[in-house]
Amino acid sequence: MEEEPGRLLERRQGMPDSRVQERYDPVAVEARWLRRWDEEELYRTPAPAAGQKTFYQLEMFPYPSGELHMGHVRNYSIGDVMARFRRMQGHAVLHPMGFDAFGMPAENAAIERGVDPNVFTERNIERVRTQCRRMGWSYDWSREVVTSHPDYYRWTQWLFLLFYERGLAYRKEASVNYCPVDETVLANEQVEDGRCWRCGAEVEQRRLNQWFFRITAYADRLLDDIALLDGWPERIRLMQTHWIGRSQGAEVKFTTEDGRSIPVFTTRPDTLFGVTFLVLAPEHPLVETLVDPAHRPAVEGLIAAAGRLAEFQRASEETEKIGVPTGAFARHPLTGELVPILVGNYVLMSYGTGAVMGVPAHDTRDFAFARRYGLTIRPVIAPPPGVDPGEGAYTGEGVLVNSPGFDGMASDAARAAIVAELEARGMGQGRTTYHLRDWLISRQRYWGAPIPMIHCPRCDLVPVPVEALPVLLPPGVRFGHGSPLAEHEPFWRTTCPRCGGPARRETDTMDTFVDSSWYFLRFCSPHDDRRPFDPEAVERYMPVDEYVGGPEHAVLHLLYARFFQKVLFDAGLTRVTEPFHRLFTQGMLVQNGAKMSKSKGNIVSPEAWMDRVGADATRVHMLFAGPPDRDVEWVDPRPEGAARFLGRLWRLGQEKSGPETPEAARAIRRIAAHAVKKVTEDIERHAFNTAIAALMEAVRDLLDQPGRGPAFSAAVRDVVRLTAPFAPFITEAIWRELLGEARSVHLASWPVYDPEDVRPRTSEVVIQVNGRVRDRIEVPVGLASEELERAALARERIVEALGGRAPRRVVVIPDRLVNVVADAPRP
RNA sequence: GCCGGAGUGGCGGAACUGGCAGUCGCGCCGCACUCAAAAUGCGGUGAGGUCAACCCUCGUGUGGGUUCGAGUCCCACCUCCGGCACCA
């Protein structure tokens, strides 16, 4: 950059032969332009000009593990192509990046190596940021947000308080995985075969008071608004639909002999007359009082066994379905019949009412259960004629039998009728339940945003006043024994903001998914120190126009973020109801059928590639490897092909001008126009692999062309601009150093083409005989069918292939194909 | 078990609404440049058939079907990947 572009151009033109030009040196060029872009603040988010459209391009921000991997390279390169493409199309692009910096690795490093989590995290962020910059991703780093910085988590805490005020944050007792040796709570992924991942001790289930977000209050809206997400992959929408899992049914009230009610939830009230037993969850509050002395030991044994397992383990089909009678009986709400009450390990307290009615004739689980324990099986649904009820339970629909008052009714009608009858008698009502549970957000850990609440012996739970935020993480805590904050008295000892008396701070921190549920809003006004986000800025950029990330976040992050957005909407803080307009999920990198990850040791360092072939070639290779939404098989990848392509592009940029015939000019214009059309359409549909293939062809064909005049020069400018989103460094170097442009190629306008240039004048028509290609002819575009047919039948090769047989039929598709159908030749 | 997705050369992959299967790239082979190698450039490369040539046959997971014509549409199945999984 020390040399003036014009001088370079002069020197280039003085060169005697294109063979002796300088070779492209990616490492030097990339370093040079990285520096220059910084000086120019090229990627700073522009203030939108009057009437200019904004475009919010976002990729899921990473956990700063210290080392970027190829999955990140793919993810962020996809987003960067889109950001650069939109920028060149004239949008005011917001393309930010930050770090999801709270979480376990930092705390584990503290436990294992005594490194301060904050130091550890900052060091990793530094390294990842440097790698991101080297990759040439066009982020506006002045907007960087880091979730572990107090000026961010202050607002995470503020939002917690908002949720609390709105009744959406609450405390209740719940089971957690607890390691008695390490005296700490474990996340599910830290439990391996029921043992602590670090010390191998058997993990216990402890019931502790935990904080929850009431996401179930938004279940219906989260479900119904999936219909609005037409820019999302169908797959993800389905996954969310299933995750929320709305099911319509009824709550039916059975009663114990002494008159206490046991509500059960069922989706099949039409089978109500087939109930021959009830099963309660081991944790069901009535179990304790129902069980008679003779059955007590067995019941307690089952409860103890169930209690040892975490719910997610119990809810697995491998676990044997065990049931134990309580000795008590329940009265059927419509028939008054007495049915035995059992306790079963397969009934979950957290779904429905924690009790189920057993209909063995029409439910597979109940059937197996009844068989095993010798319970009555009473069919009440007759399958439609011609349908075999089969060996086990018949779970389909049909006509009611053995159901006094409802016999002969079809299942769907009977469901409504029976619910109506139950309602009339006060024995039940229609009810909807959800698979979705409330979101457990508290973590008994240090490296997260502290939950801003205070426990006062007199006033109970008191929120930290917003003026007192942030509740800072204290330095100098002790790791490895229990919750670091709970063990750190200077942190928790405080006074009640309400009564001024001595009080104790909440020592739980928030799930990191809370941090990432609103970061996209923070990016709109990252430095606002008066509120989490500036509504005006949010109005300008939100919703995110395109969000790129992995499908592994289909239900957690993407659902939580939607939940937050709706709560903020209800609180009047924004008018946006859905955060992500369009979602693009990229495929994984797989090796031998397994996802590539650090733990499998099969990661390839992007830095090694950058040193070898440069960031541009690394980007191009990753995008060229296959369609970005599909998994890509990582078999001996060689970025050299991409590097060669860029080398040829460099050569193209160095071609000196010369003469150009009109025919050559036309051919050149055609090549360029084709490329512009194809690449533009392909980027729009995220087909980067074929866009790059088209660019490779264009570069090859242009180098082959004899002309080096104005058309050639224009074509080179087109191709360089088309390549800019993929390979930002080399295109910038060609644009400014070789072509002498003053302004960055990344601020140049996206090329357009003249449709006239891609309109073919002749077309090659394939001629088939009985579906086999036998000849092809070049004809003027639009040649009439009759003419085409005549021309085809006149061809020597066709006459030969027909061998004297008369065409039975001739199919003509103008400009494409003629198929002559004849009887099969005699052998 | 349920719900998604995918099976195409040695490899990654291409093929718009049914119309030339295999764009582009990797690898491999040959040639040029070189004292030589690397790098680079040029050419070839699905399988088979008295391949020298034109040419012919076969070929998109398997088996059927629709059609003048199927990688593409329909039916049945196989394999792999992802998600959910006692949800009452």
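The sequence lines fix the lettering, A, B, ..., with proteins before strands; numbering per chain opens at 1. Heavy atoms only: backbone and side chains are in, while hydrogens, waters and symmetry mates are out.
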| request: Using a 3.5 Å limit on both pairing distances, list the dot-bracket string of RNA chain B from the 5' end; Watson-Crick and G-U wobble pairs count, crossing pairs take [ ], interstrand pairs take |. | output: (((((((..(((......[....)))((((((.......))))))((((.....))))..(((((..]....))))))))))))....
Distances for protein N/O vs nucleotides 54-60 of chain B N/O pairs under 3.5 angstrom?
unit_1	atom_1	unit_2	atom_2	d
B:U57	OP2	A:R774	NH2	3.2
B:C58	OP2	A:R772	NH2	3.2

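Separation of the C1' atoms belonging to B:U23 and B:G46 is 15 Å when rounded to the nearest angstrom.
Within 4.0 Å of A:R246, counting heavy atoms only, lies no atom of the nucleic acid at all. A:V821 comes within 4.0 angstrom of the backbone, heavy atoms only, and of no base. A:E764 comes within 4.0 angstrom of a base, heavy atoms only. Here A:G771 lies out of heavy-atom contact (under 4.0 Å) with every strand.
Computed from coordinates, the A:L558 CG to B:C84 P distance equals 14 Å when rounded to whole Å. Distance, A:I767 CD1 to B:C68 C1': 15 Å, rounded to whole Å.
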Extract all donor-acceptor atom pairs below 3.5 Å that involve side chains of residues 783-792 of chain A and protein atoms in other chains or at least two apart in sequence.
none

Contacts under 3.5 angstrom, residues 269-282 of chain A side chains, donor-acceptor by atom type, not counting sequence neighbours:
unit_1	atom_1	unit_2	atom_2	d
A:D270	OD1	A:R268	NE	3.0
A:D270	OD2	A:R268	NE	3.2
A:D270	OD2	A:R268	NH2	3.0
A:D270	OD2	A:S411	OG	3.2
A:T271	OG1	A:R268	O	2.8
A:T276	OG1	A:T376	O	2.8

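A:R612 pairs by the salt bridge (charged side-chain N to carboxylate O under 4.0 Å, His left out) definition with A:E640, not counting sequence neighbours. With sequence neighbours excluded, no residue satisfies ring pair (Phe, Tyr, Trp, His ring centres under 6.0 Å) with A:H362. Residues forming a ring pair (Phe, Tyr, Trp, His ring centres under 6.0 Å) with A:Y560 (at least two apart in sequence, or on another chain): A:W439, A:F513. By the ring pair (Phe, Tyr, Trp, His ring centres under 6.0 Å) test, A:F584 pairs with A:H686, sequence neighbours left out. Evaluation of the ring pair (Phe, Tyr, Trp, His ring centres under 6.0 Å) rule for A:Y351 yields no partner, not counting sequence neighbours.
The nucleotide whose nearest atom lies closest to any side-chain atom of A:M239 is, among B:G83, B:G19, B:C20, B:G83.
Listed by first and then second residue, the salt bridge (charged side-chain N to carboxylate O under 4.0 Å, His left out) pairs involving residues 342-358 of chain A amount to none (not counting sequence neighbours). Pairs of residues two or more places apart, or lying in two chains, that qualify as salt bridge (charged side-chain N to carboxylate O under 4.0 Å, His left out) and include a residue from residues 345-366 of chain A are A:D363-A:R365.
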| remark: Reading nucleotides 10-17 of chain B from 5' to 3' and marking B where a protein heavy atom lies under 4.0 Å of the base, S where only the sugar-phosphate is that close, and - otherwise, the string is --BSSSB-
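Glycosidic conformation, B:C51: syn, with the torsion inside 90° of 0.
For a distance-only test at 3.5 Å, the side chain of A:R365 fails to qualify as a donor-acceptor partner of the base of B:C86.
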